Amino acid sequence: MTRLQMLFCALGLAGLIAAPLGQGNYIVYTMTSWLVFSISAMGLNLTLGYAGQVSLAQAGFMGVGAYVTALMTLAGVPWIAAAFVSISTSFVLGLLLGYPALRVQHHFLAFVTLAFNTLLFLVLRNEEEITGGSFGLVGMPRPNVLGLATDSNLSFYYFALVCFVVAAGVMWWILRSPWGRAFKALRENPIRAESLGLKIRRQTLLAFAIGSAFGGFAGALQTPQVQFIEPHSFALIHSLKLLLMVVVGGSGFFFGPMLGAAVVILLPEVLRFTEGYYLIIYATLVILLMVYSPGGLIGAGHKIRDRLMPRTEARRDMEKGFQL
Amino acid sequence: MAEFIQIILSGLAAGSIYALAAVGFTLLWQASQTINFAQGEFVMLPAFFVLVGMTVLGLGLWPSVALALVLSLLVLGVMFKKLVVEPMLPHGTLPLVIATIALGLLLKESVKEFYGATAQPFPPIFPQEVYQVAGASIAAQDIGNLAVSMLAIGGLQLFLTRTRTGRCMQATAQNPAVAEILGVNVKRMVMYTFLINAALATVASVLISPIYLAKFSNGETLGLVAFIAAIVGGFNQIRGALVGGLLIGVIDNISAVYISAQYRSAMPLLLLIAIILFRPQGLLGTSEGRSV
Amino acid sequence: MHRRLIGTAALALALTATQALAELKVGAIVELSGPGAAAGTNFRDGVKMGFEEINAAGGVLGEPITIVEYDSQTDPQVSRALVQKAIDEGVFAIAGTVFSSSTVVNMLVAKQAGIPQFTGSEAPSITGMGNPYIFRTAFGSQKGVPKLAAYLADEMGVKKVAIVWANTEFGKGGHSAFMAQAEKHGFEIVADIPTEQAQADFSADVLKAKNSGADAVFVYLTEEESARFLREAQKQSIGLPLVGETTLIGNKVIELAGDAANGAMGHVGLTPEANVPAMTDMVARFKAKYNYTPDHNAIKGFTAAWTIKCVTELVGKPDSEAIAQKMHGLTLTAAACPGVLLDVTWDDTGEMSRESFFVEVRDGKQTIKAILPPN
């Protein structure tokens with residue numbers, strides 16, 4: 001990290017710590033949702049933006065995490081253990097789904113995950129004895145951290161913020177590791193990467209599984225946040241929503257998913273004055289964005305900056321860091 | 001036995017309409033690598049063009065259907081290609097996938113805001129007669145839907161194999177670069193594909209809306225089914241999409257009656273997974289050279 | 001940005017004299033997009049029309065009401081956040097949500113803040129959880145279904161029943177209510193058929209019911225699915241009595257199903273044919289205003305608006321706590337509060353009861369077969 005980036009991150013973090021102070025319950029709750037969805041979108045970004053695979057089951061993995069955590073914490077297991085199991089379950093499921101799909105052809109992962117998400121929904125809804133069916137599960141406790149309760153919305157926000165920072169840190173570390181750097185090679189020139197000894201398929205499979213594990217982690221956090229889960233919250237449509245988040249923010253950029261999640265969650269608020277038309281406007285904006293800048297908002301930002309500022313050596317270095 | 005006949009028949013009738021959507025889906029894929037996530041909405045929309053023709057302009061059913069066809073060709077064919085697909089082709093598949101998801105949302109929400117959120121009755125095009133054959137009730141509507149879809153797909157197949165334009169389209173789908181060298185107007189052929197998809201969507205819409213009722217959200221399930229049918233049948237074959245559509249229609253009915261109503265929508269998905277595992281090119285498909 | 005308000009603080013503020021002069025806000029949290037959009041839009045339009053008429057006639061306690069409207073996107077989690085938001089913005093009562101799966105979640109927030117909530121949901125669980133701030137605008141299915149089952153057993157002599165139900169929180173409520181009654185009346189359930197939310201193709205379901213050997217089919221689906229079911233049943237000439245709730249024989253269903261609705265029977269809370277001029281009038285005004293036939297969700301929304309007005313005026317100030325208390329055991333008569341359309345009573349769980357009707361659809365119109373007393 002350059003000194004400038006560290007400064008930015010520190011400022012951002014300070015902003016996130018200060019932001020909820022003095023806000024109403026709703027704003028704090030919405031910001032918590034943003035943190036949770038950012039974690040999930042970050043995971044999808046690894047699959048999509050770095051490994052170039054479309055996963056249509058990120059909401060499904062959140063569902064896996066959410067239900068595992070709910071069932072375990074309702075049975076009295078501490079949240080941290082439940083979260084660990086949630087993450088591992090999603091990871092293993094990711095491997096199991098990804099292995100046969102990636103064996104065949106590139107775009108088949110999209111189809112397999114699509115089927116998985118819909119099947120998962122059916123199981124969650126139909127196996128009422130375990131999952132509560134369409135009645136869902138209610139009353140999951142919020143975790144105690146080092147003896148501190150997180151029952152109020154504000155304290156839960158800070159709890160989620162810590163989880164978010166940890167997740168972002170892990171993601172940063174993954175992408176900086178030699179293994180993560182290999183993705184860049186993969187994305188830029190797959191044939192050369194393979195000739196240098198990279199196992200494309202194994203690499204991609206792991207990326208998908210880790211991305212799914214991030215989904216599981218987000219789900220584990222969503223359970224105590226909402227304290228009510230039901231199958232519809234993890235249906236296919238929400239996977240599409242997550243996909244939009246990543247791409248709108250900028251897939252393949254570290255901060256893309258966070259920006260995208262903010263746009264998707266806050267946009268109904270910003271466009272409230274348009275009454276019923278906000279989804280129409282949102283959809284139109286997404287199409288325009290894709291035409292103008294497939295790199296999403298961050299990509300568009302770069303484009304504009306490139307136009308306004310002369311190219312210098314220093315700038316390119318910074319961009320490299322930004323993109324990882 | 002009567003029950004079984006009836007299950008198969010209504011499955012085929014529903015499946016033939018899925019096939020129309022699935023065929024359009026594969027055509028777009030072949031011609032321009034477009035995975036159209038708005039395909040369901042493409043089938044939802046023309047019904048509302050018909051309703052606008054009938055209620056707002058006061059036209060009869062058939063003039064309204066003609067109007068819907070023209071509007072669909074314009075909006076779902078020409079505009080979709082020129083405004084959405086074409087500018088995005090250089091960016092690769094992913095932005096286009098995202099754009100079609102957004103387009104689906106746009107169509108759905110526009111219909112909801114400008115026409116209404118509740119379902120609308122849609123006039124049937126076939127007589128509402130029911131015949132009793134060997135204990136099974138056979139509706140003229142089902143037979144009509146099956147016949148019209150089969151004719152549409154059969155006609156399309158003939159067009160593609162027997163006419164010069166059709167063969168040029170196939171050449172374009174298989175290898176645009178070579179087709180271009182051989183003097184095929186590739187751009188025009190791709191445009192034809194989009195127009196055909198729009199026309200098929202209109203036919204499907206007019207056939208299915210009397211049963212489904214016209215509603216903005218109809219595309220959600222239809223799109224998914226078309227998608228599954230296309231993959232099951234073979235993503236690069238019209239015949240495949242036809243077989244996939246019919247198969248999904250029948251399997252859906254059989255599993256609802258004999259296996260489990262709660263898990264009926266799981267069966268097509270399990271079939272999908274099995275196909276991907278054991279016959280990834282689809283039932284009738286041929287292996288694809290490119291890995292996109 | 002205002003300080004974080006916890007429920008009691010909001011209440012304390014609401015009680016101060018200065019607050020009484022501030023504008024009166026009612027939150028409408030409804031499904032305006034997603035699978036619940038049709039039901040939610042009806043409910044919202046009903047609430048809107050109700051308050052517009054109330055405001056035109058002088059408002060509540062002489063103050064006009066502002067509706068703060070939110071789209072829950074048919075997502076329970078979003079609905080919960082939005083109820084919180086409405087409360088943060090200082091509403092004194094809430095109308096919505098319609099889908100039971102949303103209401104069971106967001107009612108907990110309203111309860112915490114002590115804000116009375118008028119829901120359009122019908123699942124039994126909602127009033128079964130001891131929440132003193134939730135009030136129904138239509139019967140729960142545990143109220144309506146017994147009336148219907150008794151009619152099936154006593155008047156129609158039914159022994160074997162096939163059940164077709166929506167596999168959602170709403171449908172499961174009706175399903176379990178009917179199962180309890182089946183045991184009581186000794187019905188044999190010969191086919192038990194769950195269907196999907198927004199299902200379009202009912203051929204397999206109709207076939208199964210038809211071949212089950214039932215004397216009657218109990219249909220518990222939402223309105224549009226009911227219409228599709230009725231059409232398919234006609235197509236396969238099912239030849240069995242189809243009975244259900246308002247959602248099987250409501251106006252909207254008749255409009256959608258056309259001929260196919262003829263012969264369907266059911267239990268309805270409010271019907272335009274019930275010789276209740278207020279009701280017929282309301283439907284006519286609604287059609288003129290929004291250009292579509294209201295379904296029973298619109299009527300729920302409309303009566304919710306009037307209930308809020310009347311109970312607030314009975315209390316004398318927009319005091320959420322006092323309103324909630326007043327609602328328990330309250331009877332509003334159509335004479336005193338015309339917008340409730342028919343006399344109605346709430347018990348101490350928030351469940352409502354009122355006279356209802358057993359109707360059959362003949363020639364595209366509901367005809368009353370029996371008037372069923374409140375239970």
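This one's a predicted model, so the numbers in the text were calculated from it and none came from an experiment. Reminder, nothing fancy here: chain letters follow the sequence lines and each chain counts from 1.
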Kindly check if the number of other-residue, nucleotide or ligand heavy atoms within 6.0 Å of NZ (B:Lys82) is above 12? no
For residues 75-113 of chain B, which residue pairs qualify under ring pair (Phe, Tyr, Trp, His ring centres under 6.0 Å), counting only residues two or more places apart or in two chains? B:Phe42-B:Phe80, B:Phe80-B:Phe194
Structural part of B:Phe114 lying under 4.5 Å from a heavy atom of chain A: side chain
So for A:Val291, is it side chain, backbone, both, or neither that comes closer than 4.5 Å to the heavy atoms of chain B? both
Chain B contact via A:Leu56 - which portion, at a heavy-atom distance below 4.5 Å: side chain
Can you tell me which portion of B:Leu103 sits under 4.5 Å from chain A's heavy atoms? Options are side chain, backbone, both or neither. both
For B:Ile98, is it the side chain, the backbone, both or neither that has a heavy atom under 4.5 Å from a heavy atom of chain A? both
Toward chain B, the part of A:Val123 with a non-hydrogen atom under 4.5 Å: both
Chain A contacts, top residue of B:Ile101, B:Leu107, B:Leu272 (heavy-atom pairs, under 4.5 Å): B:Ile101
Residues of residues 278-286 of chain A with a heavy atom under 4.5 Å from any heavy atom of chain B, in residue-number order, are A:Leu279, A:Ile280, A:Tyr282, A:Ala283, A:Thr284, A:Val286
What part of B:Thr100 gets closer than 4.5 Å to chain A, counting heavy atoms only: side chain, backbone, both or neither? neither
Please determine whether side chain to side chain contact (heavy atoms under 4.5 Å, CB included) holds for the pair A:Leu240 and B:Leu105, giving the CA-CA distance in whole Å, both sets of side-chain angles, and the decisive distance to 0.1 Å. CA-CA 11 Å; A:Leu240 297 182; B:Leu105 188 65; over 6 Å; no
A:Leu119 CG to B:Leu269 CG distance, which is reported to the nearest 0.5 Å: 4.5 Å
Side chains of A:Val54 and B:Ile35: does their closest heavy-atom pair fall under 4.5 Å? no
If I measure from the heavy atoms of chain A, does B:Leu83 come under 4.5 Å with its side chain, its backbone, both, or neither? backbone
Taking the side chain as everything from C-beta on, heavy atoms only, tell me whether B:Phe37 gets closer than 4.5 Å to A:Leu243. no
Using non-hydrogen atoms and a 4.5 Å limit, figure out which bit of A:Val112 sits close to chain B: side chain, backbone, both or neither. both
Counting only non-hydrogen atoms closer than 4.5 Å, does B:Gln262 touch chain A with its backbone (N, CA, C, O), its side chain (CB onward), both, or neither? both
Checked B:Val84, B:Leu94, B:Ile228, B:Val97 vs chain A; the most non-hydrogen pairs under 4.5 Å come from B:Leu94
Does CZ belonging to B:Arg188 count more than 12 external heavy atoms closer than 6.0 Å? no
Does some side-chain heavy atom of B:Ser265 sit less than 4.5 Å from a side-chain heavy atom of A:Leu122? yes
With chain B, which of A:Val247, A:Asn126, A:Leu114 has the greatest number of heavy-atom pairs at distances under 4.5 Å? A:Asn126
I'd like to know whether B:Ile273 forms a side chain to side chain contact (heavy atoms under 4.5 Å, CB included) with A:Phe111, so could you lay out the CA-CA distance, the side-chain angles of the two residues, the decisive distance to 0.1 Å, and finally the verdict. CA-CA 8 Å; B:Ile273 291 179; A:Phe111 306 155; over 6 Å; no
